[in-house]
Amino acid sequence: MRVGIIANPRYPDLGAILAGVTASVEARGWSLFGDSDVAELLGRSLPPLDPHALDLLLTLGGDGTLLRGAHRLDAAPVPILGLNFGRVGFLTAMHRDRAIEALDLWESRQFTISSRAMLEARLGNGPPIRALNDVVLHKSGVARVVRVQLSVDEDSIGPISSDGIVIASPTGSTAYSLSAGGPVVVPTFDAMIVTPICAHSLSVRPLVVHPTATVSITPLDPHPHGLILSCDGQVSREVSEGDRLTVRVSAHRVNLVRFAGMGFMPRLREKLHWGDLSGRD
């Protein structure tokens, strides 16, 4: 079996756990692949990570590292097993202290695959950019109002003034969109969530649209200086004059490894303290 590893080197305890994980992988007779940062941490060379020649991708870090791994796979249907080093780890499968247990469960096939919808964004005539969590249109630098025309399947919703707009997948509904007041959507439900960021009108609310829809956003400022498109916090593009952003559900999906007892509802309780009233008198 061919296993790729992506890691976030900013975690101080990464080195020891990475060494244990790689030793366990190779003791099972599996082939190991990794980028230069992983090879540097291990102090030896590794075959480069080829997303189309892997059976499993391990990500060692937080949700951001898992998102980086999803982008690194370039839509290849390789399962991602995330080991959490961060604070929340909503997308990851197992805490770093249980890394070897996670490999044991994978080897004994005691896991499920959660297939997640991706978004596909296109800015003007540019190439499509995929996102697992969200596509965000926002200002860089100085905080200024973003004025855009929003449409769904060419039906105009109207002009919106806000600090930006998040278009999230169900997987991303618990990320930036939730912080901006969007709804929690079960990740296996195909849809798109359109959430204005700090809208300048109380009548503007988040909108859930059908997965076959196309969401279009056109800046109303003829010179949209400093307007940025960001996808999963991994890829960014500057919006130019006349650019129109279109977002739809991608034909590609991301496969996340899940273990028993780690369904979506338990995650809401554990990670987001859903329904926790223990601090009240």
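Only this structure's heavy atoms are used, side chains among them; waters, hydrogens and symmetry mates stay out.
Distance check, rounded to the nearest 0.5 Å: CG of L220 to OG of S161 gives 8.0 Å. Put simply, OG on S230 and NE2 on H138 are 4.5 Å apart, with the number rounded to the nearest 0.5 Å. Atom CD of E40 and atom CG of L42 lie 10.5 Å apart (nearest 0.5 Å). The distance from the OG atom of S236 to the CG atom of L123 is 11.0 Å, given to the nearest 0.5 Å. Note that CZ of R130 and OG of S250 are 5.5 Å apart. Values are rounded to the nearest 0.5 Å. Going from atom NE2 of H273 over to atom CG of L268 covers 12.0 Å, rounded to the nearest 0.5 Å.
Side-chain heavy atoms closer than 4.5 Å link hydrophobic residues (I, L, V, M, F, W, Y) into clusters, and following such links, possibly through other members, connects V235 to L227. Linking ILVMFWY side-chain heavy atoms closer than 4.5 Å, directly or via other members, places V152 and F189 in two distinct hydrophobic clusters. V146 and Y176 are members of different hydrophobic clusters when ILVMFWY side chains are connected at heavy-atom separations under 4.5 Å. In the hydrophobic clustering of ILVMFWY residues, with side-chain heavy atoms under 4.5 Å counting as a link, I197 and L229 come out apart. The hydrophobic clustering, which links ILVMFWY residues whose side-chain heavy atoms are closer than 4.5 Å, places V145 and V204 apart.
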TODO: Let me see the working for L207 and I193 under side chain to side chain contact (heavy atoms under 4.5 Å, CB included), right down to the final yes or no.
DONE: CA-CA 6 Å; L207 179 67; I193 304 100; over 6 Å; no

Open item on the list: Please determine whether side chain to side chain contact (heavy atoms under 4.5 Å, CB included) holds for the pair L178 and L272, giving the CA-CA distance in whole Å, both sets of side-chain angles, and the decisive distance to 0.1 Å.
Closed with: CA-CA 11 Å; L178 181 63; L272 302 184; 4.0 Å; yes

Task: Stepwise side chain to side chain contact (heavy atoms under 4.5 Å, CB included) test for D134 and I167 - done: CA-CA 6 Å; D134 46 43; I167 304 174; over 6 Å; no

Open item on the list: For a side chain to side chain contact (heavy atoms under 4.5 Å, CB included) check, start with the C-alpha distance between V249 and M192, then their side-chain angles and the critical distance, and finish with the verdict.
Closed with: CA-CA 7 Å; V249 173; M192 288 186 288; 3.9 Å; yes

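Looking only at atom types and distance, the side chain of E154 has no donor-acceptor partner in the side chain of S216 under 3.5 Å away. Looking only at atom types and distance, the side chain of R122 has no donor-acceptor partner in the side chain of T246 under 3.5 Å away.
Of all the heavy atoms in A168 and L119, the pair that sits closest is C-CD1, 3.8 Å.
F264 pairs with exactly one of P187, S114, P170 by the side chain to side chain contact (heavy atoms under 4.5 Å, CB included) rule, that one being P187.
Side chains of T65 and L60 form no contact here, defined as non-hydrogen atoms less than 4.5 Å apart. Residues I129 and E120 are not in side-chain contact: their nearest non-hydrogen atoms beyond the backbone lie 4.5 Å or more apart. Residues M94 and L105 form a side-chain contact, since some pair of their non-hydrogen atoms from C-beta on lies under 4.5 Å apart. For the pair L56/V257, a side-chain contact is recorded, criterion being any heavy-atom separation below 4.5 Å from C-beta on. At least one side-chain heavy atom of V186 sits less than 4.5 Å from a side-chain heavy atom of M265. Residues S162 and C198 have side chains not in contact (no heavy-atom distance under 4.5 Å, counting atoms from C-beta outward).
Side-chain contacts under 4.5 Å among hydrophobic residues (ILVMFWY), followed directly or transitively, place V254 together with I6, F33, L49, L54, L57, L66, L67, L73, V78, I80, L91, M118, L132, L256.
Put simply, the side chain of D153 never gets that close to the backbone of D155: no donor and acceptor are under 3.5 Å apart. Remark: side-chain polar atoms of R28 are paired, donor with acceptor, to backbone N or O of S24 under 3.5 angstrom. Side-chain atoms of T92 come within 3.5 Å of backbone atoms of G89 as a donor-acceptor pair (strictly under, hydrogens ignored). When atom types are taken as modelled, the side chain of R267 and the backbone of F90 share a donor-acceptor pair closer than 3.5 angstrom. Listed for the D55 side chain is a donor-acceptor partner under 3.5 Å among the backbone atoms of R2. Between the side chain of D232 and the backbone N or O of N133 there is at least one donor-acceptor pair closer than 3.5 Å. In this structure, R68 contributes its side chain and R72 its backbone to no donor-acceptor pair below 3.5 Å.
Sorted by first and then second residue, the pairs that involve residues 182-192 and meet salt bridge (Lys or Arg N to Asp or Glu O under 4.0 Å), not counting sequence neighbours, are D190-R253.
Ion pair D243/R237 not flagged as a salt bridge, since none of the NZ, NE, NH1 or NH2 atoms sits closer than 4.0 Å to an Asp/Glu carboxylate oxygen.
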Tell me which donor-acceptor pairs under 3.5 Å the side chains of residues 7-19 have, and how far apart each pair is, sequence neighbours excluded?
| from | atom 1 | to | atom 2 | distance (Å) |
| --- | --- | --- | --- | --- |
| N8 | OD1 | R10 | N | 3.1 |
| D13 | OD2 | R96 | NE | 2.7 |

